[in-house]
Structures are given as structure tokens and as C-alpha cells.
Number of protein chains: 2
Amino acid sequence: MESERPLYARVSDDLRSKIRVGAYPPGTRLPSRPEIRDEYGVSDAVAKQAIGVIIAEGLAQARPGSGTYVVERPPVRKLVRAWYGRRGLGSPFRASMAEQGHRGAWAYESERVQAPPDVRERLALPEPTGQPEVLRTDYVFTTDDRPSMLSTSYEPLDLTEGTDIVIPEEGPHAGRGVVDRMATIGVVIDRWDETVGARAGSAEECRLLDIPLGSVVMTITRTYEAAGRTVEVAFIVLSADLFVLGYAGEVPRDGAG
Amino acid sequence: MESERPLYARVSDDLRSKIRVGAYPPGTRLPSRPEIRDEYGVSDAVAKQAIGVIIAEGLAQARPGSGTYVVERPPVRKLVRAWYGRRGLGSPFRASMAEQGHRGAWAYESERVQAPPDVRERLALPEPTGQPEVLRTDYVFTTDDRPSMLSTSYEPLDLTEGTDIVIPEEGPHAGRGVVDRMATIGVVIDRWDETVGARAGSAEECRLLDIPLGSVVMTITRTYEAAGRTVEVAFIVLSADLFVLGYAGEVPRDGAG
DNA sequence: TCGAATTTGTGCGTATGTATC
DNA sequence: GGATACATACGCACAAATTCG
């Protein structure tokens with residue numbers, strides 16, 4: 001004997017499939033709780049629970065006093081993070097956006113600070129001295145005037161202090177990306193490393209990104225190396241609804257490595 | 001007047017903070033619904049809703065007849081997807097797991113099928129003939145005996161039919177990864193491409209991965225190319241709680257590209 | 001501008017089924 | 001078998017937000 005699927009699940013299954021096939025297109029209102037009660041012949045609690053499942057799956061959003069609406073999914077944009085034989089890592093966001101015909105812009109705030117422990121470790125900084133050792137820059141990137149990506153970057157001041165690139169977004173080389181900027185002071189970045197994760201966004205992140213509470217975000221921890229030394233760390237957060245990340249490369253020949 | 005936080009939310013807030021500070025360590029049982037009723041002086045419905053919030057956040061899991069238990073968070077594992085100057089792409093899962101001292105295993109099921117539209121496009125297949133054109137293989141990978149990753153791969157039969165690698169996990173080259181297997185029939189894979197996204201897992205995915213409903217998953221769409229032709233497509237799903245993905249490479253010299 | 005109707009959010013009480021211990 | 005605990009389900013009530021005449 002197969003166990004019967006719960007009543008609320010059968011209702012939510014029906015709603016879900018109707019959304020998928022387009023019977024309830026994006027932006028339209030789902031049946032209200034009383035309507036579901038009548039249409040399916042179920043109790044108010046079951047109607048509520050069924051809608052709750054749909055909302056939890058991110059297929060719809062409730063607007064108190066108005067109704068529950070099928071979400072309008074903005075088209076996903078591909079953010080190319082790495083590809084072979086081509087120079088683009090210096091500012092992937094700006095390059096990718098421009099390539100896809102979107103207006104990319106950003107706001108920033110730079111500050112000299114002491115490095116938090118995880119940054120200290122990655123940048124291989126010596127024991128804390130009480131003095132600021134890194135320049136932290138917080139970015140909010142926008143695409144077509146909507147916030148799309150957060151980034152916090154750290155650069156060691158012993159490399160950049162006193163040069164005209166110490167503040168990434170000021171001076172003659174503003175907006176050119178880490179790789180190009182560092183090159184102007186003789187620091188040749190030759191390796192990159194990105195660690196990609198995903199989780200539910202924090203309240204603060206969802207607010208800054210202007211996405212619903214609990215939305216899924218992707219996180220990227222990026223480091224740049226020059227001659228074996230890590231010269232930049234960045235913590236990047238972006239909405240998983242708006243972006244996918246692209247990585248590509250060559251498969252090494254058999255003997256290599 | 002600030003609006004009062006809902007009753008159930010105050011209860012779930014309290015439970016959450018107690019979990020975070022270690023008052024309820026991983027593996028311990030949370031108070032039962034009747035206990036919550038008494039301790040907080042709320043109704044059964046509120047107790048149930050509060051626990052539901054905690055479960056939905058993935059902090060606890062319910063075991064009917066026994067109780068609701070704080071989840072034991074396994075440490076996050078890094079899945080290295082690409083790194084420079086080293087051969088590892090053939091079977092990233094198996095290589096990564098072995099390197100970190102975990103037991104990796106997998107179950108599979110292969111079937112000759114007609115290609116779905118998105119696969120047809122990526123593999124550049126001609127118009128459908130009604131005959132099976134691709135071999136689909138569904139994998140469930142396990143790490144230390146727990147399911148950790150799902151993968152569905154498609155390989156065009158016109159390349160592999162009649163060879164001893166037509167079924168990836170059978171024959172003399174079983175378990176050796178796409179790159180190595182294809183090499184034995186003269187197909188030299190020279191490029192890879194991965195598109196990474198994230199979202200809430202579907203009910204089916206969460207069931208197969210044995211993670212709470214609504215857990216965040218990462219998705220990877222991977223393609224392998226040999227001499228300009230895409231010879232494999234794989235759709236990979238893994239729990240974002242269990243894994244991060246690692247990509248690394250060289251920054252091209254200035255003139256390149 | 002106001003108020004009535006609608007809709008979601010929250011909350012209470014109760015009952016039955018089923019899994020665990 | 002009995003006690004406990006969660007899952008499902010019904011019915012009801014009121015508050016808050018929205019909509020619309």
C-alpha cells in the first residue's frame with residue numbers, strides 16, 4: 001500500500017503545476033484562501049498551508065490585504081568569472097555587464113582598518129600592531145539602476161600606501177580593476193582563486209540588494225596572487241535569482257601536472 | 001510605537017538564539033510542543049509554528065514520535081572544480097573527496113533516450129528522429145555514506161554507441177571520468193565550461209539528498225568540448241550546506257587574447 | 001474622505017493518525 | 001501495549017493591510 005499524499009500537498013501540487021504550465025502567469029493573483037476552500041473543498045488551514053508551501057518554494061509572494069501573486073522572474077544574467085586566453089578578470093562585473101548591454105554602476109566606501117582574522121590569515125599579515133594594515137572598500141554594484149551585487153575588498157596597505165592607487169576608486173586609475181591598478185605599481189597579479197558558496201541571504205544583505213527576505217544568495221571569496229603573495233581578498237555576495245556564474249577553461253594535456 | 005513581533009516569532013527567536021549560543025547543542029532534542037506550550041505559555045498552534053520556522057531555517061529536523069533535534073552541521077567541504085596546471089577535471093568529485101580523506105561512492109542508472117530540448121541544443125544534435133540519440137546517466141553520489149550530490153549527464157550516442165565506453169560506469173573504463181573515457185575512443189576533450197547557480201532545492205532533490213525541504217542547493221551545468229564539439233553535458237545539484245566550489249587559474253599576461 | 005469588503009497574518013481549541021520509544 | 005510526539009486536518013475568530021466604490 002502506498003501512503004496517500006497529504007491533502008495540503010495535493011493542493012499545492014496542483015497550484016505549482018498550474019503555475020509551471022502558465023495557467024497562472026507571472027504577476028497574476030493566485031486564488032485566495034476562501035476561493036481555495038471552495039474550489040478544492042478543503043478547510044481554511046489546508047488552504048493556508050498549501051499556499052505556504054508555494055510561497056516557501058519562492059514561486060509566489062503574499063501581499064497582505066491584496067492577495068498572493070506569482071513572482072515575476074527577472075531574466076538571469078551570466079557573470080563570466082574566468083575564461084581561457086582572454087584578459088577579463090580585472091573587472092569581471094563591469095566587463096560582463098557591458099558585454100550584455102547593461103548599464104553597470106557602483107557606489108563605494110573606502111576605509112583604512114585593521115584586518116579581521118580571516119583576512120589577516122589570507123593576506124599573511126604579521127601580528128596586529130594596533131595600526132590600520134589594510135584598506136577595506138565596500139561596494140554596492142547596480143545593474144540598470146537596481147542593486148545586484150555587494151563586495152567587500154581588502155588590500156594590504158604596505159603595498160599601496162603612498163601610491164596613487166591606494167584608494168581603488170580614486171586617482172588616475174579609478175575603476176580599472178585590481179589587476180590593472182596593481183600593475184601600475186609593479187605588482188603583477190598572476191593567479192586568482194574563487195570559492196563559491198550559496199545560502200539564504202541575511203536581513204542586511206537582502207535589504208541592500210533589494211530582494212525579499214530569505215532570498216538565496218551566492219557568495220564568492222576571491223583572492224589574487226602576485227608572485228606567490230596574496231595581494232587582494234574580496235568577499236562578494238549576489239542574488240542567485242539574478243545571476244549565474246560562468247567558469248571555463250582548457251583541459252590540461254595528459255602529461256601535465 | 002513599534003509594532004510587536006508575532007508570538008510565534010518571539011518563540012522561534014528564542015529557540016534560535018539558544019541554538020546559536022549552544023544551549024541546545026547539535027544533536028540534542030528541542031522542547032516538545034507540549035513543553036513549549038507550558039514554558040512559553042502559548043497555544044499548541046503557536047508552538048508548532050515556532051518549531052516550523054526553526055525547521056524551515058534548517059536548524060533542526062523533526063522525527064515523528066521522537067522529537068525535534070538540532071541538526072549536526074557537517075563541516076563544509078571544498079569541491080575543487082578547476083585549477084591550473086594539473087589534471088583533475090576527469091572526475092572532480094572522486095578526486096576531491098579522496099584528497100580530503102573522505103569515502104566517495106556513487107550509484108547510477110543509464111538509459112538510452114531522446115534528448116530534451118536544452119540538451120539537444122547544447123550538443124548540437126540534428127532534428128529528432130524518434131530514435132534515442134543520447135545516453136542519459138543519473139548519478140547519486142555519496143560522501144561517507146551520506147548522499148551529497150546529484151548529477152544527470154548526457155552523451156551523444158553517435159560518438160559512443162558500439163564502443164566499450166557507451167555505458168559510463170560499465171566496461172573496462174568504468175569510473176574513470178568523462179575525459180579519460182572519451183580519450184580511449186580518440187575523443188580528446190580540450191575545453192570545459194561550468195555555469196554555477198543557486199536556488200532552493202525542489203522536494204525531489206531534497207529527498208534524494210536527504211536534506212530539509214527548502215534547503216539551498218547549488219547547480220552546475222557543465223559541458224565538455226572536444227575540437228569545438230560539445231561531447232558531454234551534465235546537470236549537477238549539490239547541497240550548499242555541505243559544499244563550496246573552488247575555481248582557480250592563471251591571470252593571462254597583458255598582451256594575450 | 002470614508003467605509004465596507006476582501007485578503008492575508010496570526011492565534012486558539014480540538015481531533016485523528018502514525019511513528020517512536 | 002501504552003505513552004509520547006509529530007503530522008495532518010477541521011473550524012473559528014480577530015487584526016492589519018489593501019482595494020474600491
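In what follows, every chain begins at residue 1, and chains take the letters A, B, ... in the order their sequences are listed. Values reported hereafter were calculated over all heavy atoms of this structure, with side chains retained and with hydrogens, waters and symmetry mates removed.
- Salt-bridge formation is detected for the pair D13(A)/R16(A): a Lys NZ or Arg NE/NH1/NH2 atom is positioned less than 4.0 Å from an Asp or Glu carboxylate oxygen.
- Separating the CG atom of D44(B) from the C1' atom of dA9(D) is a distance of 13 Å, rounded to the nearest angstrom.
- Contact check, R37(A) against dG11(D): no side-chain N or O comes under 4.0 Å of OP1 or OP2.
- As a whole-Å value, the separation of R63(A) CZ from dT19(D) C1' is 11 Å.
- The distance between atom NZ of K48(A) and atom P of dC12(C), rounded to the nearest whole Å, is 14 Å.
- Comparing dC10(D), dT7(C), dG11(C) by their nearest atom to the side chain of L7(B) picks out dG11(C).
- Spacing between atom CZ of R5(A) and atom C1' of dA9(D) amounts to 16 Å, rounded to whole angstrom units.
- Checked for salt-bridge contact, R181(B) and E232(B) miss the test: no charged N lies under 4.0 Å from a carboxylate O.
- Taking the six-membered ring where tryptophan is involved, the planes of Y154(A) and F235(A) are perpendicular, since the angle between them exceeds 60° and thus also 30°.
- Rounded to the nearest 0.5 angstrom, S239(B) OG and L208(B) CG are separated by 13.0 Å.
- Comparing P64(A) and A9(A), the nucleotide of DNA chain D nearest to each residue sits closer to the 5' end for A9(A).
- For the helix from dC2(C)-dG21(D) to dC21(C)-dG2(D), the rotation axes defined at the first and last 5 base pairs enclose an angle of 10°, given to the nearest 10°.
- In this structure, A62(B) reaches the sugar-phosphate backbone alone: every heavy-atom distance under 4.0 Å involves primed, P, OP1 or OP2 atoms, never a base.
- If you check dA13(D), dC12(C), dA9(D) against the side chain of R33(A), the one that comes closest is dA13(D).
- Taking CG of D241(A) as the reference point, atom CG of L209(A) lies at 10.5 Å (rounded to 0.5 Å).
- Taking atom CD1 of residue I51(A) and atom P of nucleotide dT6(C), one finds them 17 Å apart after rounding to whole Å.
- Among I36(B), D38(B), T68(B), the single residue meeting the side-chain contact (heavy atoms from CB on, under 4.5 Å) criterion with P31(B) is I36(B).
- Rounded to whole Å, the distance from CD1 on I36(A) to C1' on dT7(C) is 12 Å.
- Aromatic ring pairs are classed by plane angle as parallel below 30°, tilted from 30° to 60° and perpendicular above 60°; the pair W106(A) and F141(A) is tilted.
- S66(A) has no side-chain polar atom (N or O) that falls below the 4.0 Å cut-off from OP1 or OP2 of dT18(D).
- For the OP1/OP2 pair of dA9(D) and a distance below 4.0 Å, the side-chain nitrogens and oxygens of Y8(A) include no atom meeting the criterion.
- Comparing dT8(C), dC10(D), dT10(C) by their closest approach to the side chain of V42(A) singles out dC10(D).
- Residue T68(B) places at least one side-chain N or O closer than 4.0 Å to OP1 or OP2 of dC6(D).
- A salt bridge does not link D118(B) with R122(B): none of the charged nitrogens is closer than 4.0 Å to a carboxylate oxygen.
- Here the side chain of S43(A) is nearest to one of dC12(C), dA9(D), dT10(C), namely dA9(D).
- Between R29(A) atom CZ and dT8(C) atom C1' there is a gap of 11 Å when expressed in whole angstrom units.
- Listed nucleotides: dG11(C), dA9(D), dC6(D). Nearest to the side chain of V46(B): dG11(C).
- Protein atom CG of D38(B) is 11 Å distant from nucleotide atom P of dA5(D), rounded to whole Å.
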